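Working notes for the structure below.
This is a predicted model, so every value here is computed, not measured. Scope of the values below: all heavy atoms of this structure, side chains included, with no hydrogens, waters or symmetry mates.
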Amino acid sequence: MRYQRRITISFFIIAAYLFLSGPTDAGQTNKILPIDMDTLEKVAGHDGWHVLVFMAAWCQPCIKELPDINALYEKYRVRGLNLSGISVDFEGPAAMQPIINRLKINFPVYWTGETAIDVYQIRGIPYIIFIRNGVIIERILGQRSKDYLDKKFEAFLTHP
C-alpha cells in the first residue's frame, strides 16, 4: 500500500512538472539553422529553380512582407517552388526566430549573418533573388505587394 502511494505521488509530481514546464520548443515549428555559404550555394542549387528571400528581425518591411511570401510559397510549392529565407541578422538565428514562430512561416529559413551580404551583393532588404540553374535571373529590392510578387513567382515558374 505504501509503495503504491509513492508511485501515485511520484506520477502526479512528474505530470505536474511536465504540464507546468510546457514543451521545450513552444511555438517553434520552423527552427532557423545557421548555414555557411558553401551549403547555401548547394541549397540554392545549380540545377533547378530557387528563390532566396533575405530578411532581418529589425526590418519592418521584411516582417510585413513575410506573410505574403509564406502564402505564395504555399500556393506554388506544389508546382516545384523551392524557396528559402535567409536571415542576415548580426545577432544570430535567435533574433529572427520569434518572428518566424509568430507568423507561422513554413518555408525553410537559414541564418548566414553578414556573410551573405557581400556574396550576393545585397544593398538593402527585403531582397528577393530568383535563381535558375545556378544563374541569378532577377533581383527584387524592397517590400512589394502580394499581387506583384504573385506575378513574379508565376512568371518564374512558367517561363524557362
Side-chain angles (χ1 to χ4, degrees), residues 21-160:
S21 66
T24 55
D25 291 333
Q28 188 170 318
T29 58
N30 185 6
K31 187 170 174 139
I32 298 175
L33 300 173
I35 192 169
D36 61 52
M37 293 313 299
D38 289 336
T39 307
L40 179 56
E41 290 292 322
K42 290 176 187 170
V43 167
H46 295 288
D47 297 327
W49 304 355
H50 205 93
V51 177
L52 298 178
V53 179
F54 293 86
M55 64 187 85
W58 49 264
C59 171
Q60 286 304 310
C62 299
I63 295 166
K64 288 179 183 176
E65 190 176 68
L66 276 173
D68 292 340
I69 292 173
N70 196 57
L72 293 171
Y73 171 71
E74 291 298 327
K75 177 180 179 180
Y76 289 113
R77 74 180 186 168
V78 295
R79 289 183 45 196
L81 176 66
N82 293 309
L83 186 143
S84 298
I86 309 297
S87 168
V88 294
D89 285 289
F90 299 136
E91 297 84 15
M96 193 73 192
Q97 189 68 63
I99 296 163
I100 297 301
N101 295 348
R102 180 172 44 87
L103 297 176
K104 297 180 170 93
I105 301 303
N106 295 324
F107 55 84
V109 180
Y110 303 98
W111 174 79
T112 63
E114 59 190 283
T115 308
I117 293 171
D118 290 331
V119 172
Y120 285 99
Q121 301 169 358
I122 297 170
R123 301 296 174 243
I125 54 174
Y127 196 69
I128 300 173
I129 298 177
F130 293 86
I131 302 170
R132 187 175 291 133
N133 297 321
V135 177
I136 296 173
I137 62 165
E138 187 167 1
R139 298 169 183 258
I140 300 173
L141 174 60
Q143 180 184 354
R144 304 299 173 131
S145 72
K146 184 177 180 183
D147 290 338
Y148 176 88
L149 293 174
D150 191 14
K151 289 175 186 168
K152 290 294 184 177
F153 281 46
E154 175 69 35
F156 178 66
L157 293 170
T158 305
H159 302 95

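- M37 contributes atom CE, which lies 4.5 Å from atom CG of L40 (distance to the nearest 0.5 angstrom).
- Rounding to the nearest 0.5 Å gives a distance of 11.0 Å between OG1 of T39 and CG of L33.
- Between L83 and V53, some side-chain heavy-atom pair lies under the 4.5 Å cut-off.
- Taking 4.5 Å as the limit, every side-chain heavy atom of V109 sits out of range of all side-chain heavy atoms of I86.
- Listed by first and then second residue, the salt bridge (Lys or Arg N to Asp or Glu O under 4.0 Å) pairs involving residues 73-87 are E74-R77, K75-D150, R79-E154 (not counting sequence neighbours).
- Evaluation of the disulfide bond (SG atoms under 2.5 Å apart) test over residues 58-134, restricted to residues two or more places apart or in two chains, returns C59-C62.
- Here CD of E91 is found 11.5 Å from CE of M96. Values are rounded to the nearest 0.5 Å.
- Here the straight-line distance linking atom CD1 of I140 with atom CD of E138 works out to 5.0 Å at 0.5 Å rounding.
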Please output the side-chain donor-acceptor pairs of residues 111-130 that fall under 3.5 Å, not counting sequence neighbours, one pair per line with the distance.
unit_1 : atom_1 : unit_2 : atom_2 : d
W111   : NE1    : D89    : O      : 2.5
Y120   : OH     : E41    : OE2    : 2.9
Y127   : OH     : R139   : NH1    : 2.9

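- Minimum interatomic distance between G85 and M55 (heavy atoms only, all atoms of both residues): CA-CE, 3.5 Å.
- Using a 4.5 Å cut-off on side-chain heavy atoms (C-beta onward), I63 and L103 make contact.
- Qualifying side-chain contact (heavy atoms from CB on, under 4.5 Å) partners for D38, counting only residues two or more places apart in sequence or in other chains: D36.
- Counting only residues at least two apart or on different chains, the ring-ring contact (aromatic ring centres under 6.0 Å, His included) pairs with a member in residues 66-97 are Y73-F107.
- Applying the disulfide bond (SG atoms under 2.5 Å apart) test to residues at least two apart or on different chains, none of the pairs has a partner in residues 77-129.
- Sorted pairs that involve residues 63-72 and meet side-chain hydrogen bond (donor to acceptor under 3.5 Å, both in side chains), not counting sequence neighbours, are lacking altogether.
- In this structure, I137 and I131 have side chains that are not in contact, with every pair of non-hydrogen atoms separated by 4.5 Å or more.
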side-chain contact (heavy atoms from CB on, under 4.5 Å) between Y110 and S87, worked out:
CA-CA 6 Å; Y110 303 98; S87 168; over 6 Å; no
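- Counting only heavy atoms from C-beta outward, the side chains of N101 and N30 never approach each other to under 4.5 Å.
- Residue pairs that meet the disulfide bond (SG atoms under 2.5 Å apart) test with at least one member in residues 65-112, sequence neighbours left out, do not exist here.
- When side chains are defined from C-beta on, W49 counts as touching L157, because their heavy atoms get closer than 4.5 Å.
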